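Reviewing the structure listed below.
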Amino acid sequence: MTWRKLIPSLFDLHRDDRMPKQFAIIASDRIAMSDVALHQRLLGGVKQFARKGNFKSADWKDFSNHITYQQGDFEDPATYSALATRCEQTGKNWRGKAIHIFHMATPPTLFGVIPEMLAGAGLNRDLALARIVVEKPIGHDLQSARELNRTLTKSFHESQIFRIDHYLGKETVQNILAFRFANPLFEPIWNRHYIERVTLTVAETVGVGHRGVYYERAGALRDMVQNHLLQLLCLVAMEPMASFAANELRDKKLDVLHAIRRISPNAVHQYAIRGQYAKGVVAGKKVCGYRQEEKVSPRSKMETFAALNLFVDKWRWEGVPFYLITGKCLPKQVSEIAIQFRDVPHQLFPREATSDWHPSRLVMTIQPEEAMVLGFQAKYPGPKMKLRPVEMHFNYRESFSAPSPNAYETLLWDVMNNDPTLFMRADQVEAAWRLLMPVLEVWANNPARDFPNYAAGNWGPKAAVKFSGRVKWKGKSIK
Ligand code: BG6
């Protein structure tokens, strides 16, 4: 996390002149390491993961001068008193009081320990200046999430806690708000009268790689749906905010989570589908099955694919199915939200004109393309009335010359600026877990008998393709 995300993002912020005038990064771990060795290691991550282009050694030298290492055991109070002393010494000659941000880029087992230890050393005390950043997983289920939130709030006030869901930092995800609420065009039709269904897909070509230990306890539902996909759904389904205040946005999202119909245990098989990849071919390369991955049980029943059909019980959305689909080792990496509009109420064109007819559709592509595509009918040139589907494109790359920052740049900058808008509040996290508990419990109590049930490089188990009712658009599906 530090190597791949945090340091490259901070380096990019520094390169863009967006870091504070005075700052220090103190990395801590239990192994012995010199500052020079740490810099050497971090440089590898920066070269690989910082925004591409114009890397200059001078920039790195300047930036890395701010990074020091402190060896210490996370469970030993001495580590924290040493840290407190170092923080004090570092900020001694700075103008003004320093902000202290503690980013727990650690295994989740330490999430319960570190906040209390920081509090023990008095590092939590300043409500305005001390902040703690928590990475997912925020709990393993509702109960553990509640416990973790209790532990965190014993030592830090909710306003000091920044729970990261990195999807919320993505430009295209923030653009959902801009698109919906900065243009009066779509809001009048953003409801059950005009929208037939919404499909949110986060498809990955990668398998679990070296994360077998984590994934064996998580699975697709915990890893992707509880956080990223449900957050996307909230942004699509929420009511307009009164202002851009952090809690206003978070309240509106929470309303959606509360309005989502709970799946009763005996209906789980109807509204949720799971899958696990077998060996196969992805992007022309042979890959092993999930059960053959490093540190994964050869009899594992963990899902690597999940699809849910949810309903948001509100006037605006009554009866509109929301499909949430995610999986590893699928044929294509794509994250997108597809809004399928209803068909025209009355077909007035002659049959010959409509042989290639597709109801309108809006696809917001989050990655790898950062785009929006609106598909609609147009008249095909010629003397006869003949209709054809066409597409209108908006693409970030073509429309803006500025490169999109990666999600962590945005989020870390927000923590420094004390803006919690894009972070998860305790009640949101718990509401998302509450919603998924029936599915998690039914799946845990009824291990899948047909796993593995899709070959790597396919679009998940057969049942899922039918389940989401994907329509084809111009001969291509959203795949
Ligand atoms: C993480 C999950 O939260 O998101 C990973 O733990 C997943 O399993 C990743 O691969 C996907 O993020 P992105 O930004 O690459 O879509």
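Both ligands and their constituent atoms are indexed starting at 1 by order of listing. In this text the structure is predicted, and so the values were computed from the model without any measurement.
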Regarding Thr172 and Gln367, is there a side-chain donor-to-acceptor distance under 3.5 Å anywhere? no
Asn149 side chain to Arg163 side chain, donor-acceptor N/O pair below 3.5 angstrom: yes
Answer yes or no for Tyr167: is there a heavy-atom contact with ligand 1 below 4.0 Å? yes
Using non-hydrogen atoms of the residue, decide whether Lys136 is closer than 4.0 angstrom to ligand 1. yes
So, regarding Gln333 and ligand 1 (criterion: nitrogen or oxygen to nitrogen or oxygen, under 3.5 Å), is there a contact or not? no
Best match, Asp223, Asp165, Ile164, Asn406: closest heavy atom to atom 2 (C) of ligand 1: Asp223
Considering only protein heavy atoms, which is closest to [atom], and at what distance to one decimal place?
{"atom": "atom 5 (C) of ligand 1", "result": "Arg211 NH1, 3.3 Å"}
{"atom": "atom 10 (O) of ligand 1", "result": "Glu204 OE2, 2.5 Å"}
{"atom": "atom 15 (O) of ligand 1", "result": "Gln367 NE2, 4.0 Å"}
{"atom": "atom 12 (O) of ligand 1", "result": "His166 NE2, 3.1 Å"}

With the side chain counted from C-beta on, respond yes when [X] and [Y] share a heavy-atom pair under 4.5 Å apart, and no when they do not.
{"X": "Val208", "Y": "Tyr214", "value": "no"}
{"X": "Glu441", "Y": "Pro265", "value": "no"}
{"X": "Arg131", "Y": "Phe162", "value": "yes"}

Run the ring-centre check on Tyr69 versus His39 and record whether the distance is less than 6.0 Å. no
Run the numbers for me: atoms of ligand 1, each under 4.0 Å from some heavy atom of Lys170, listed by number. 13 (P), 14 (O), 16 (O)
Contact atoms of ligand 1, heavy-atom distance to Lys328 under 4.0 Å: 5 (C), 7 (C), 8 (O), 10 (O)
Around atom CZ of Arg261, are there more than 12 heavy atoms of other residues, nucleotides or ligands at under 6.0 Å? yes
